[in-house]
Student: 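Have a look at this one.
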Amino acid sequence: MAVKNESWTTSIFEERETIISYDRLLDRWHIWTDEPKHARKYEKYIDEQQPTRKGYNPKTGQLVMLEGDLINVNVIITKKRTYKMTPEQKAEKAKILSEIRQRNQKKETQMI
């Protein structure tokens with residue numbers, strides 16, 4: 001099947017969406033997205049043998065919309081990790097990072 005490429009105006013930030021659905025009878029995942037980040041991420045998993053649509057920004061040529069069936073993927077949704085540190089923990093991490101940066105700068109100057 002041919003991939004249908006079209007000109008697509010990027011949606012405003014608040015209206016962008018990604019829909020991933022599962023068809024049990026066909027045992028396939030389907031994606032529709034107008035979020036450029038997601039379109040680029042999932043493009044490599046699209047089954048080009050099935051009907052597919054790709055929308056490109058006419059000004060930049062960047063892929064901004066994608067619709068098609070996903071092939072050879074497992075779709076997993078996980079909770080986003082958040083790290084809550086006390087001010088003392090943050091200070092300790094900042095100190096360690098500062099020491100690492102200083103060591104790296106010393107190594108760079110020794111190499112020159």
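Note that these values count all heavy atoms, side chains included, but never hydrogens, waters or copies made by symmetry.
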Student: Once salt bridge (Lys or Arg N to Asp or Glu O under 4.0 Å) is applied, what residue pairs with a partner in residues 10-26 remain, sequence neighbours excluded?
Tutor: Arg16-Glu35
Student: Restricting to side chain to side chain contact (heavy atoms under 4.5 Å, CB included), what partner residues turn up for Gln89, sequence neighbours left out?
Tutor: Met85, Thr86
Student: Between Leu70 and Asp47, is there a side-chain heavy-atom distance shorter than 4.5 Å?
Tutor: no
Student: Please enumerate all residues that pass side chain to side chain contact (heavy atoms under 4.5 Å, CB included) together with Ile96, with sequence neighbours excluded.
Tutor: Glu92, Ile100
Student: Would you please name every residue forming a side chain to side chain contact (heavy atoms under 4.5 Å, CB included) with Thr60, sequence neighbours left out?
Tutor: Asn57, Gln62
Student: With a 4.5 Å heavy-atom cut-off, do Glu67 and Lys54 have their side chains touching?
Tutor: no
Student: Under the ring-ring contact (aromatic ring centres under 6.0 Å, His included) test, which residues partner Tyr45, sequence neighbours left out?
Tutor: none
Student: Side-chain contact test, heavy atoms from C-beta onward, threshold under 4.5 Å: evaluate it for Pro36 versus Thr10 and give yes or no.
Tutor: yes
Student: Can you give me the closest heavy-atom contact between Tyr56 and Val64, atom names plus distance?
Tutor: C-CG2, 4.1 Å
Student: Provide the full list of ring pair (Phe, Tyr, Trp, His ring centres under 6.0 Å) pairs with a residue in residues 4-34, sequence neighbours left out, each pair given once.
Tutor: Tyr22-Trp29
Student: Can you list, by chain and residue number, the hydrophobic cluster partners of Ile12 when the side-chain cut-off is 4.5 Å?
Tutor: none
Student: What residues, two or more places apart in sequence or in another chain, satisfy salt bridge (charged side-chain N to carboxylate O under 4.0 Å, His left out) together with Asp34?
Tutor: none
Student: Is Ile20 close to Thr33 at the side-chain level, that is, under 4.5 Å between some pair of heavy atoms?
Tutor: no
Student: Are Val73 and Tyr42 connected in a single hydrophobic cluster, I mean Ile/Leu/Val/Met/Phe/Trp/Tyr linked by side-chain heavy atoms less than 4.5 Å apart?
Tutor: yes
Student: Do you know which two heavy atoms are closest between His38 and Thr18, and how far apart they sit?
Tutor: ND1-OG1, 2.6 Å
Student: In terms of hydrophobic clusters joined by side-chain contacts under 4.5 Å, are Ile71 and Ile31 together?
Tutor: no
Student: Tell me every residue that passes side-chain hydrogen bond (donor to acceptor under 3.5 Å, both in side chains) with Ser7, counting only those two or more places apart in sequence or in another chain.
Tutor: none
Student: Just one of Glu99, Lys95, Arg101 clears the side-chain contact (heavy atoms from CB on, under 4.5 Å) bar with Leu97, so which one?
Tutor: Arg101
Student: With sequence neighbours excluded, what pairs up with Gln102 under the side chain to side chain contact (heavy atoms under 4.5 Å, CB included) test?
Tutor: Ser98
